[in-house]
Amino acid sequence: MMNFFRKKPVVSPVKAKITTSTSKVGLEKEREKLIENLKTEFVSIAAHQLRTPLSAMKWIIRMLLDEDLGPLNNDQKDYLTKAYLNNERMVALINDLLNVSKIEEGKFLNKLTRENFLQLIESNLALWQGACKSKGLFLVFEKPKTRCPAVLVDKEKIILALHNFVENSIKYSNQGEIIIKVVYEKDKKRFLITIKDQGVGIPKGEQSRVFSRFFRASNGSKLETDGTGLGLYIAKNIIQSHQGKIWFEPEENKGSTFYFTLPV
Ligand code: ADP
């Protein structure tokens with residue numbers, strides 16, 4: 001009688017075990033996600049707080065350098081220039097961190113507008129040309145001869161991605177040409193962009209990590225001690241958020257070629 005009324009276990013012991021361990025995994029995952037979110041939020045808040053004093057410092061040093069507060073001797077100018085450049089480096093690092101936390105929060109792209117893609121590149125050529133010249137490099141821009149349609153993009157972010165590719169080619173090259181090539185692939189309804197250099201390339205064993213956060217190649221970090229390893233990760237996210245594809249073809253000691261597409 002008693003047995004008849006005793007409640008049967010709803011879940012079998014084996015099933016219960018699986019359920020417990022599954023929910024443990026679930027809880028663990030939730031915990032990891034929460035920690036990850038807190039870290040992202042922390043980086044974002046810290047970076048925002050750091051930006052304000054840094055921009056105040058920038059303008060003060062700029063005023064001194066422009067001799068608005070009186071003439072400077074050469075030594076004073078040299079030291080202030082170093083302070084200014086270091087401040088700029090810090091701002092660039094903080095901007096990278098802020099971009100990464102926005103990517104992780106899933107709110108990266110701002111308003112999309114219709115833009116003439118070739119004009120976007122052309123408006124930055126003089127800047128890149130100046131940087132190439134100071135390193136004895138040649139910058140070549142190859143563009144389609146025919147009229148091309150406009151692209152729907154977050155203008156600021158697409159320029160940032162282009163900057164990251166071209167600045168890397170400049171940073172990690174000591175000689176040769178840097179070629180920016182744009183092809184309009186009408187049948188595929190997209191632009192294919194190539195950024196090719198004759199720099200140090202990326203060693204074979206390290207190539208699979210090239211678009212990961214904080215990746216720095218062993219040869220590149222020796223040549224340029226300053227990098228953060230965030231530029232290509234940010235560029236990848238920008239291109240993919242525009243439904244584009246991104247890849248690269250490196251050859252150690254022969255240079256690197258980065259590719260990306262942009263749908264029209
Ligand atoms: P950063 O340049 O700030 O270190 P990036 O994310 O832009 O960060 O690049 C990651 C790493 O990839 C670099 O540190 C460098 O080792 C390597 N790299 C990127 N672009 C090139 C390139 N054009 N040629 C050689 N190495 C490159």
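Atoms within each ligand, like the ligands themselves, are counted from 1 in listed order. Just so it is clear, the model here is predicted, and its values are computed rather than measured.
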Closest non-hydrogen protein atom to [atom], residue and atom name please, with distance?
{"atom": "atom 23 (N) of ligand 1", "value": "D197 OD2, 2.9 Å"}
{"atom": "atom 26 (N) of ligand 1", "value": "I202 CG1, 3.5 Å"}
{"atom": "atom 4 (O) of ligand 1", "value": "R216 NE, 2.8 Å"}
{"atom": "atom 22 (C) of ligand 1", "value": "S256 OG, 3.7 Å"}

So, [X] side chain and [Y] main chain: donor-acceptor pair closer than 3.5 Å or not?
{"X": "K135", "Y": "S173", "answer": "yes"}
{"X": "N87", "Y": "A83", "answer": "no"}
{"X": "E249", "Y": "T257", "answer": "no"}
{"X": "D197", "Y": "G199", "answer": "yes"}

Taking only heavy atoms of [X], which atoms of ligand 1 are found under 4.0 Å from at least one of them?
{"X": "G201", "answer": "25 (C), 26 (N)"}
{"X": "K171", "answer": "1 (P), 2 (O), 3 (O)"}
{"X": "T228", "answer": "1 (P), 3 (O), 4 (O)"}
{"X": "G220", "answer": "16 (O)"}
{"X": "L230", "answer": "6 (O), 8 (O)"}
{"X": "G227", "answer": "1 (P), 3 (O), 4 (O)"}

Once you restrict to heavy atoms under 4.0 Å, what part of [X] touches ligand 1? Side chain, backbone, both or neither.
{"X": "N219", "value": "neither"}
{"X": "A217", "value": "both"}
{"X": "L232", "value": "both"}

Output yes when the distance from some N or O of ligand 1 to some N or O of G231 is under 3.5 Å, and no in every other case. yes
Are side-chain heavy atoms of F211 and N237 found at a separation under 4.5 Å? no
Tell me, do Y233 and F214 make a side-chain contact under 4.5 Å, heavy atoms counted? no
Less than 4.0 angstrom from a charged side-chain N to a carboxylate O is my criterion; do R62 and D66 meet it? yes
Please determine if K111 and D154 form a salt bridge, counting it only when a charged side-chain N lies under 4.0 Å from a carboxylate O. no
When every non-hydrogen atom of N116 is compared with those of L118, the smallest separation belongs to OD1-N, 3.1 Å
Parallel, tilted or perpendicular: which describes the rings of H163 and W128, with under 30° parallel and over 60° perpendicular? perpendicular
Judged by heavy atoms only, the candidate from F215, Y233, F258, Y172 nearest atom 27 (C) of ligand 1 is Y172
Applying a strict 4.0 Å limit to heavy atoms, is G229 in contact with ligand 1? yes
